[in-house]
Each structure stands twice: as C-alpha cells, then as structure tokens.
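Written below as structure tokens is the structure these notes are about.
Each chain gets a letter, A, B and so on, in the order the sequences are listed, and its residues count up from 1.
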Number of protein chains: 2
Amino acid sequence: MNTPRPVPILVQPPIAVPEPCGTCGMRSISVCNAIDDIHLIRLAELANGVDVQAGRVFITEQDKATDFFNITEGTVRLFKLLPDGRRQITGFAGPGHFLGLAVSANYSFSAEAITDVKLCRFSRPRMRQMLHDFPALEETLLEVASNDLVCAQEQMLLLGRKTARERLASFLVARAHDGVPSDMPRTRLHLAMTREDIADYLGLTIETVSRTFSKLKADKLIAIPSPPEIILLNLNALQAVAAAEK
Amino acid sequence: MNTPRPVPILVQPPIAVPEPCGTCGMRSISVCNAIDDIHLIRLAELANGVDVQAGRVFITEQDKATDFFNITEGTVRLFKLLPDGRRQITGFAGPGHFLGLAVSANYSFSAEAITDVKLCRFSRPRMRQMLHDFPALEETLLEVASNDLVCAQEQMLLLGRKTARERLASFLVARAHDGVPSDMPRTRLHLAMTREDIADYLGLTIETVSRTFSKLKADKLIAIPSPPEIILLNLNALQAVAAAEK
DNA sequence: TTGTGGCATTGAGCCATGTCAAGTTTGAGT
DNA sequence: ACTCAAACTTGACATGGCTCAATGCCACAA
C-alpha cells in the first residue's frame with residue numbers, strides 16, 4: 001500500500017532538523033513552512049511519506065476523511081463523478097499542494113495520481129491538534145483554502161461563461177504561469193495530463209479540445225511538436241483570448 | 001511566529017455583552033460565534049453596521065480589499081464579469097454568510113445586494129489582528145472557507161457536466177435545504193433572485209431556465225403559483241434528477 | 001518487421017442550448 | 001381601474017459543441 005519514509009531515530013536527537021521534514025525540498029513552498037525549525041520534529045512525527053503509482057486513486061469521494069496530504073512530487077487530478085460516469089476534474093495538484101480540506105467527515109472529491117507521485121500524509125486528528133498548537137499553521141491553511149477558493153471561482157466563470165477557445169487559452173495561460181515566477185511564464189509546456197483530462201477539466205469533450213487546439217495552431221498561437229508538448233507562440237494573444245478581451 | 005492565546009482583560013467585564021454584537025440575532029449562525037462573550041467587546045469595536053439598498057454593488061472586483069463582511073439580513077449575489085458583460089454568479093449569500101476572503105490585496109469578485117441588505121463590516125487589518133489573538137476565530141474562518149470550497153467544487157461539477165434540467169433540479173434542491181435543518185427541507189420557495197440571476201448562476205440563458213421550469217412543471221415536479229414563488233411537488237424526484245441518478 | 005493498444009486527430013451529422021423576436025403576466029405608481 | 005416597465009414565457013430558428021465513426025500516430029512487445 002504505502003511506503004513509509006525513514007522513521008525518526010530512537011537514540012540521540014539529530015543535530016539538525018529531523019527527517020523527513022528537515023530535508024524536504026518542498027517545505028519552502030508548502031504549508032509546512034509555517035512551522036519553526038525547532039517544532040518541525042513534531043510535524044515529522046505526524047508526517048508519513050507515501051509513494052503512489054501513476055493511475056492510483058488515493059482519495060475516494062465519500063470515504064471517511066482520515067488524512068491530509070501534501071504533494072512533494074508528481075501531478076494529481078482531483079475530480080468528482082456523476083453516477084453515469086460523467087467526470088468533472090476540479091483541479092490539478094502538483095508539488096507543494098495541500099489536499100484534504102473538508103467540512104464533513106468524508107472527502108468530497110477523489111484524487112488520482114497522473115504521474116508517479118510522492119506525498120506526505122498526515123492523520124487528520126493529529127493534524128487538528130497541531131493546528132491548535134500552531135496558529136501560524138492554521139493561518140497558512142486559511143490562505144491555502146482562500147487561494148483555492150479564488151481559483152474555483154475563476155473556474156466557475158470559465159465553465160459557466162467561456163467558449164471552448166477561451167477555455168483552452170485560459171488553460172494554457174494558467175499552465176504557463178504555474179509554479180514559476182509570475183513575470184517569467186513558461187513558453188514550452190510538458191502537459192502531464194491527457195486530452196481527456198483537459199476535456200474533463202474544462203467541461204468539454206476530447207474532440208472539441210483536439211479541434212480547438214488545431215484551430216489555435218492554425219492561428220499560429222501555439223505549436224504542437226508532438227503531444228504532450230505544447231509551445232506557446234504568442235502568449236499575449238493567448239492571454240487576450242483567455243480574458244475574452246476585444 | 002506562533003501566537004499567544006487571548007489576553008485577559010484589564011478592567012471588569014461589562015455586565016452584558018456590548019452592542020451591537022451582543023444583541024445580534026445572527027451571531028449564533030455566524031463566525032462571530034467563535035468569540036466568547038467577554039471578548040465580544042473587541043469584536044463590537046471593529047464591527048460596523050451597514051445598510052445596503054437593493055441593487056447596490058458593495059464589493060467590486062479588483063478594488064482594494066479593505067473590509068470583511070458578515071451578512072445579517074437580506075440576500076446578496078456574488079459574481080464575476082467578462083469584459084463583454086458575460087456574468088457568472090458564483091454564489092448567493094444570505095444571513096450568516098461571511099464575505100471577503102481573498103488571497104491578494106484586491107477582491108476577486110463583486111457583490112451586489114438583491115434585496116435590501118444589512119451587514120457587518122470589519123476592517124481587514126484590524127480583523128487580521130483579531131484572527132491573531134483569537135485562534136478560534138481563525139479556525140471558524142477556515143471552516144467557512146473549506147465549506148465554500150466544497151460548494152464551489154460541487155458547482156464546477158454542475159457547470160461542467162450537468163444538463164439544464166439537472167442544473168435546475170440541483171438549484172431547487174439546494175434552495176430547499178438552504179438554512180433549514182437538513183431533515184426538514186422547505187417545500188415552498190420564495191426565490192429572492194430573478195430568472196436572469198438563476199441563469200447566470202447555472203451557466204444558462206434566461207430562456208432555457210424558463211423553458212426548463214416549464215418542463216419541470218409539466219412533469220409535475222414543481223408548481224409555480226406565480227414567480228418568484230415555487231412549490232416543490234416531488235422533492236425526491238427532484239433530488240434524483242439533481243444527482244443524475246438512473 | 002509486424003502487430004497491438006492507447007492516445008490524438010479529423011469528418012459528418014445532430015441536438016441541446018443559445019439567439020432573436022413576439023407576447024403575456026405582474027406589480028408599482030398614478 | 002389604467003399605464004408602464006420589468007420580468008417572465010413561448011415560439012421559430014441558428015449554432016457551438018457533442019456523438020459517432022474512421023483514421024493516424026506512436027511506443028512497445030513478440
């Protein structure tokens with residue numbers, strides 16, 4: 001099932017910050033950054049490193065919400081299903097993303113690894129205690145939740161009111177800015193997700209996604225050397241389309 | 001880094017809880033409930049009762065986010081606009097709703113009173129201080145944000161994947177459960193919002209909303225004595241349609 | 001080299017929803 | 001009671017995106 005990382009040692013406390021949190025390269029961009037070095041050992045006790053194979057569902061909607069997750073490597077799709085199989089992807093999550101906020105006792109969405117994924121798992125009850133003891137952590141989580149909420153509202157605008165072309169442009173622009181400084185957007189994308197994922201994220205069908213990519217290509221806004229590679233030839237124009245300007 | 005818990009007061013606590021928060025009928029269902037009676041005076045100092053006329057926009061997207069709001073009376077629409085006027089309503093907010101969570105320094109949505117509205121306004125910087133001093137308040141806010149997030153994800157599923165009929169059914173079922181104990185859903189609705197609001201909330205046009213209402217009426221799932229009055233004749237069937245069962 | 005299976009692309013036709021255009025109902029004001 | 005404007009409903013038609021189906025493009029295994 002899961003593969004625990006090295007567990008805190010039994011003898012002398014380590015000189016530096018304890019494993020695994022102390023050396024976690026993702027700490028600087030994750031919620032864990034809210035915790036001081038001196039208290040990091042408490043976090044490390046809670047943290048449970050897990051590897052998830054590509055294609056594995058590790059959060060299932062309606063299941064008891066037992067854990068929080070923090071992604072350290074790979075990409076994940078978050079989604080909801082209708083009984084007949086229609087799927088809405090509510091977001092993609094990469095390194096640094098925090099998952100598992102839920103009001104009720106059960107998860108309200110599913111999560112599936114797109115690539116092989118490494119993540120940190122925290123038991124919810126123990127995490128709650130941490131939140132209680134470290135208001136700064138709670139504050140960070142509130143920021144994360146607020147941020148997710150803003151993204152969700154933006155996505156509602158996209159799903160409710162934008163055309164297929166505008167949706168694709170919005171998607172590409174968002175990917176260009178994802179995880180890089182905002183003044184240095186990417187111009188070459190390696191999409192981890194398939195056309196079907198994109199379709200289910202944008203409320204379209206595979207065919208419409210494919211056709212719309214072809215149109216953007218014909219309009220010289222993008223180039224597709226070979227999927228999943230996409231080059232943004234004119235980011236400004238794409239941004240204009242995404243924002244529905246003109 | 002981390003914050004001491006609430007500081008004891010300097011003088012004798014007042015006999016009763018101070019105005020206006022002490023007598024606020026909405027306190028029991030709002031975030032303010034996270035604050036003890038004895039500290040409520042600090043909240044009252046921050047709170048600023050405001051009346052907003054129907055039709056008034058009191059939060060404008062992109063404006064500097066100076067305040068938080070807590071609605072005590074009336075109904076509000078929250079929305080985002082595209083440059084050409086296309087509108088997506090991201091939610092309706094009634095008594096007890098908390099508004100203004102934002103990541104950036106600016107609001108990411110607009111808010112407009114549908115009916116005459118009474119609300120409590122809190123300055124953001126001073127509210128931040130309160131959050132710092134009262135972790136319980138921060139916790140409550142995190143719950144609010146998580147809850148909003150769950151709703152937003154549900155709405156993405158609706159906007160991305162549901163048919164017009166399923167959207168309307170979902171909307172009606174949600175209104176039936178809004179603000180009442182979950183085992184006692186309403187069966188008679190007084191909708192505060194117009195067909196246009198409903199359309200902009202569900203990602204449809206007025207005409208489709210109207211036609212779909214008519215079909216639901218023909219199918220004996222609802223009755224419309226006269227808008228904005230709607231009677232839910234068969235809530236179970238509506239729920240089945242909303243969930244896309246069968 | 002030749003399958004084989006998973007994606008992705010493209011075409012043809014259709015349909016749910018949008019658009020445009022009348023009408024109808026409602027309610028507030030006089 | 002009448003008027004007017006705003007909200008709602010309904011019909012006829014248009015269309016963007018969906019469905020169904022064929023084809024193309026790899027990577028990989030035998």
- Mind jotting down which residue pairs meet the side chain to side chain donor-acceptor pair (under 3.5 Å) criterion with at least one end in residues 210-219 of chain B? Sequence neighbours excluded, please. Arg165(B)-Asp219(B)
- side chain to side chain donor-acceptor pair (under 3.5 Å): pairs with one or both residues in residues 231-244 of chain A, sequence neighbours excluded: none
- Message: Expressed as a whole number of angstroms, how long is the span from Asp84(A):CG to dC18(D):C1'?
- Response: 15 Å
- Item | Whole-Å distance separating the CZ atom of Arg87(A) from the P atom of dC18(D) | 15 Å
Are the side chains of [X] and [Y] in touch, meaning some heavy atoms are under 4.5 Å apart?
{"X": "Pro227(B)", "Y": "Arg195(B)", "answer": "yes"}
{"X": "Leu81(B)", "Y": "Arg87(B)", "answer": "yes"}
{"X": "Arg27(B)", "Y": "Asn33(B)", "answer": "yes"}
{"X": "Glu143(B)", "Y": "Asp148(B)", "answer": "no"}
{"X": "Phe109(B)", "Y": "Ile59(B)", "answer": "yes"}

- Contacts of Lys118(B) meeting side chain to side chain donor-acceptor pair (under 3.5 Å) (sequence neighbours excluded), chain-then-number -> Asp51(B)
- Task: Measure from the side-chain N and O atoms of Thr115(B) to the backbone N and O of Thr75(B), and report whether any donor-acceptor pair falls under 3.5 Å.
- Result: yes
- Query: Of Lys80(A), Arg77(A), Glu112(A), which is the lone residue that meets side-chain contact (heavy atoms from CB on, under 4.5 Å) with Ile89(A)?
  - Reply: Arg77(A)
- Angle between terminal axes - the helix from dT1(C)-dA30(D) to dT30(C)-dA1(D), 5 pairs each end, rounded to 10°: 30°
- Return the set of residues passing salt bridge (Lys or Arg N to Asp or Glu O under 4.0 Å) with Glu207(B) (not counting sequence neighbours), or none when no residue passes. none
- Not counting sequence neighbours, list each pair that qualifies as a ring-ring contact (aromatic ring centres under 6.0 Å, His included) and has a residue in residues 77-100 of chain B. Phe68(B)-Phe98(B), Phe92(B)-Tyr201(B)
- Message: For the CG atom of Asn48(A) and the OG atom of Ser123(A), what is their distance to the nearest 0.5 Å?
- Response: 9.5 Å
- Outermost contacting nts on DNA chain C, any atom under 4.0 Å from chain A heavy atoms, listed 5' then 3', are dA8(C) to dA12(C)
Donor-acceptor pairs under 3.5 Å, side chain of residues 172-194 of chain A to any protein atom, not counting sequence neighbours: which ones?
{"residue": "His177(A)", "atom": "ND1", "partner": "Val173(A)", "partner atom": "O", "Å": "3.0"}
{"residue": "Arg186(A)", "atom": "NH2", "partner": "Asp178(A)", "partner atom": "O", "Å": "2.3"}
{"residue": "Thr187(A)", "atom": "OG1", "partner": "Leu232(A)", "partner atom": "O", "Å": "3.1"}
{"residue": "His190(A)", "atom": "ND1", "partner": "Glu229(A)", "partner atom": "OE2", "Å": "2.8"}
{"residue": "His190(A)", "atom": "NE2", "partner": "Glu229(A)", "partner atom": "OE2", "Å": "3.0"}
{"residue": "Thr194(A)", "atom": "OG1", "partner": "Glu196(A)", "partner atom": "N", "Å": "3.3"}
{"residue": "Thr194(A)", "atom": "OG1", "partner": "Asp197(A)", "partner atom": "N", "Å": "3.2"}

- Near DNA chain C, under 4.0 Å by heavy atom, which residues of residues 160-171 of chain A? none
- Item | Residues in ring pair (Phe, Tyr, Trp, His ring centres under 6.0 Å) contact with Phe58(A), at least two apart in sequence or another chain | Phe69(A)
Check: protein-nucleotides 23-26 of chain D nitrogen or oxygen pairs below 3.5 Å:
none

- Could you identify which residues of residues 195-217 of chain B place a heavy atom less than 4.0 Å from some atom of DNA chain D, listed by residue number, or say none? Arg195(B), Glu207(B), Ser210(B), Arg211(B), Ser214(B)
